[in-house]
Number of protein chains: 4
Amino acid sequence: MAKRADFVESRRSKRRKQIFEGAVKVFAKKGYHSATTQEIADAAGLAKGTLYEYVRDKEEILLIVVEEGMLMVKSEIGKAISGIDDPEERMKRAIFVQLKFAKKYRNAAKVMQHEIRNLSVDGKKRLSELMNGQIELLRSILDDGIKAGRFRKLDSRIAAELFHHTSTFYFGYGDLPYQKASLDDITKFIMDNLIHAIIKEKTKEPTPVL
Amino acid sequence: MAKRADFVESRRSKRRKQIFEGAVKVFAKKGYHSATTQEIADAAGLAKGTLYEYVRDKEEILLIVVEEGMLMVKSEIGKAISGIDDPEERMKRAIFVQLKFAKKYRNAAKVMQHEIRNLSVDGKKRLSELMNGQIELLRSILDDGIKAGRFRKLDSRIAAELFHHTSTFYFGYGDLPYQKASLDDITKFIMDNLIHAIIKEKTKEPTPVL
Amino acid sequence: MAKRADFVESRRSKRRKQIFEGAVKVFAKKGYHSATTQEIADAAGLAKGTLYEYVRDKEEILLIVVEEGMLMVKSEIGKAISGIDDPEERMKRAIFVQLKFAKKYRNAAKVMQHEIRNLSVDGKKRLSELMNGQIELLRSILDDGIKAGRFRKLDSRIAAELFHHTSTFYFGYGDLPYQKASLDDITKFIMDNLIHAIIKEKTKEPTPVL
Amino acid sequence: MAKRADFVESRRSKRRKQIFEGAVKVFAKKGYHSATTQEIADAAGLAKGTLYEYVRDKEEILLIVVEEGMLMVKSEIGKAISGIDDPEERMKRAIFVQLKFAKKYRNAAKVMQHEIRNLSVDGKKRLSELMNGQIELLRSILDDGIKAGRFRKLDSRIAAELFHHTSTFYFGYGDLPYQKASLDDITKFIMDNLIHAIIKEKTKEPTPVL
DNA sequence: GATGAATGAGTCTTCATTCAT
DNA sequence: TATGAATGAAGACTCATTCAT
């Protein structure tokens, strides 16, 4: 039994958690570039030097934040749609999870939306796979719905990307003065209306005369 | 005839244009924070000191970029919908202009989407008004369509904000490796499908017998 | 008759006067280093470029201020002591002129006291001669008084330098929060007390008994 | 025993000392404004970044220099007059300490005299208290002497300020070409002559005839 | 002569990263 | 491992001086 190694590993993961939570707070308030490693270390309850024991450089901190956030959403979506068969319901739930996540992890979400572009090429690649996984999940839901004749015949990949993006919009909402709607109103709007973009309307066929 | 003043003014606006174009290039490639004033000056064909003759600080450069971009879109939308009455057509054209703009001024658009949050409170306020104007334009189109019974009865303000945001999504598209769709495909998708989120489906009323 | 040359010369001297007055205002408020040539030009009612028609560089502006100021004091002292014979009276008047000058040209005085050290070696030499002339004037008054048995036998050169410096103290007075005495009180103090440092006291010889 | 805290504190004060000594050298040679932080850091034997670990900004460096200098003089004066009762002797010693200090810390003194005006309002306030303390010390000596009938009845506050200033004159002496007297000669002059400005001359009272 | 736009060298200051303890 | 002092490269901004008009 690799008790020693386990102990080491558990400390590492505890530290990563600390860093994630500290960094989310700081990034959300000041953005990636304006945040200093000192502030992140403080928020994480670590010394600046210690930070660098667990992280190659500042970019890796951003990567931790984004990855950790993605994994959380993905896992929650998985739970939310398991056991559900109806495509429309599955789609709605998947979207709803993203919106719910935005409320709970507003800061991480904000960071994810805005700071991805600050990553290096390598960082983007590493992240791209995660986002791709999430989008493919949405896509599979859409494809099922199309096959079942419940959704419009559309490019499911693009639709998935757009839906994914729409929920990120929701994440950063409120930063600009003109953005005054409540998050709940936006949720409702998306669930009630945007969904029509994909659902095939049941056009009431004119009942035959006679 | 204030010839002198005119000359001075025309030079100022020429310089602002130079700065706009230089800054757009640099911001698009490196983002606001990573761009240096030296790089912007170089791209604008000005000396660093000259830059500061026309701009209070780095933030004002960003503001110029965003404002100029907004004004361009606004003016193009205005032209595109003038003389058109049909709400659906107006809406489609408004969206199409935004998408077209994204192709032409890809860099400015990218900057607008990503760097707004880097503005100071004052800068955000100044910008917020511009964005608000644009959103209100979309909203009025939606309201007309709702009144005419062509659009679903929905919260037109939120719808306008979402549409506005959706087109900005399009702007930054392509930055991440997984984003492989062509811009034309996305345009088509939005025009063909997303529009259903607002259009009231024409349930074919049974034509009256006789 | 060199009319043309005269005209040119009169404009030059008019400009120097403008520069002197503008620079005094600006230097007094901000000090030599913190003053910009733009501010000086503005205060002088000239364009920045025009300033450089009359002045080699910024240092020469300081030189103009200091020289002009010195010449003014010197000329006023000359007038004040002409026709007076009593050494004590002459000394008092010389000092008084310096103090009076300080009230009238407070700004120039402040500048003179503080910014001389900012001059280049050449500038210092040029100025040093002027100050030296003023000190020698005081010294000659002191020497006369010593010869006449009215002043203590002291190193008249050092005494002159110290008196000269004492009045410059007066110039900058009030800049620091603790300096609360009125200028008039200080004048009175110097005239009434400091003068005893040089005057030979008439020790009342005990009148012989009988 | 707070050994750790002590160690930290001792390093801080060691660094402040280094900065004080480096800055004094540089300021004395070039003045506050012309000195660069790089030069100061070099003179202090620190990296530029390290400088800013111990100092908020350039102004604080000046403040350190002036404060440290003041404290040194104050402490030396205290030692010099302790145990002495005769007012004239106390006054002479106080002055002498200032003069002696000028020889030993010529550079610091020069800086103190010239650069105080470059301080911000806050800096001036902070410093003003220190100078005030020193002046009040001189004043108390003067007041004692007046009460004892040894000094002329004069405004002791103004006298203290003037004496304080007179010794600062001595500090910067030698900068201008015309200033050729030796420091020792000036010391002698002040001790022998300037003191008469305050001392009440002993008019030999006729000894009562029995 | 007068002007003020243009220039770029020069400065302060910040902050990611290293490393001795 | 943990720490935080030390480092210096990098960047925003200023301003004396020049020069085309």
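If you're wondering where the values come from, they're calculated on a predicted model, not measured in any experiment.
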(message) My validator wants the stems of DNA chain E: runs of 3 or more consecutive Watson-Crick or G-U pairs, both distances under 3.5 Å, written as range with range.
(response) E:2-21 with F:2-21

(request) Considering just the side-chain nitrogens and oxygens of D:Arg15, establish if one lies under 4.0 Å of OP1 or OP2 belonging to F:dA5. (result) no

(message) Strictly under 4.0 angstrom, non-hydrogen atoms only: write out the protein contact profile of nucleotides 16-21 of chain E, one letter per nucleotide from the 5' end, B, S or -.
(response) BBB---

(message) Any non-hydrogen side-chain atom of B:Tyr54 less than 4.5 Å from a side-chain atom of B:Lys14?
(response) no

(request) Starting from the 5' end of DNA chain E, give me the residue, B:Tyr54 or C:Ala47, whose nearest nucleotide shows up first. (result) C:Ala47

(request) Report yes if the side chains of A:Val24 and A:Glu68 come closer than 4.5 Å at any heavy-atom pair, otherwise no. (result) no

(message) Does D:Glu60 form a salt bridge (charged side-chain N to carboxylate O under 4.0 Å, His left out) with D:Arg16? I'd like the steps, not just the answer.
(response) CA-CA 11 Å; D:Glu60 192 169 341; D:Arg16 302 267 297 192; 3.5 Å; yes

(message) Within the structure provided, determine whether A:Ile40 and A:Phe27 are in side-chain contact (heavy-atom separation under 4.5 Å).
(response) yes

(request) Rounded off to whole Å, could you give me the CZ-to-P distance for the B:Arg11 and E:dG4 pair? (result) 11 Å

(request) Please report, rounded to the nearest Å, how far the P atom of F:dT3 is from the CG atom of A:Leu46. (result) 7 Å

(request) Please identify each residue that fulfils salt bridge (Lys or Arg N to Asp or Glu O under 4.0 Å) with C:Glu39, with sequence neighbours left out. (result) C:Lys30

(message) Any heavy-atom pair between the side chains of B:Lys29 and B:Ser34 that's under 4.5 Å?
(response) no

(message) Is the shortest side-chain heavy-atom distance between D:Arg126 and D:Glu67 below 4.5 Å?
(response) yes

(request) In whole angstrom, give the distance that lies between atom CD of B:Glu39 and atom P of F:dG11. (result) 7 Å

(request) Provide, to the nearest angstrom, the distance between the NZ atom belonging to B:Lys14 and the P atom belonging to E:dA6. (result) 9 Å

(request) Taking the side chain as every heavy atom from C-beta outward, state whether D:Thr37 and D:Tyr52 have any atom pair closer than 4.5 Å. (result) yes

(message) Rounded to whole Å, how long is the line connecting atom CG of A:Leu51 with atom C1' of F:dT1?
(response) 14 Å

(request) Give a yes/no answer on whether the side chain of A:Thr50 brings an N or O atom under 4.0 Å of OP1 or OP2 in F:dT3. (result) yes

(message) Are the side chains of A:Glu59 and A:Tyr32 in contact, using a 4.5 Å heavy-atom criterion?
(response) yes

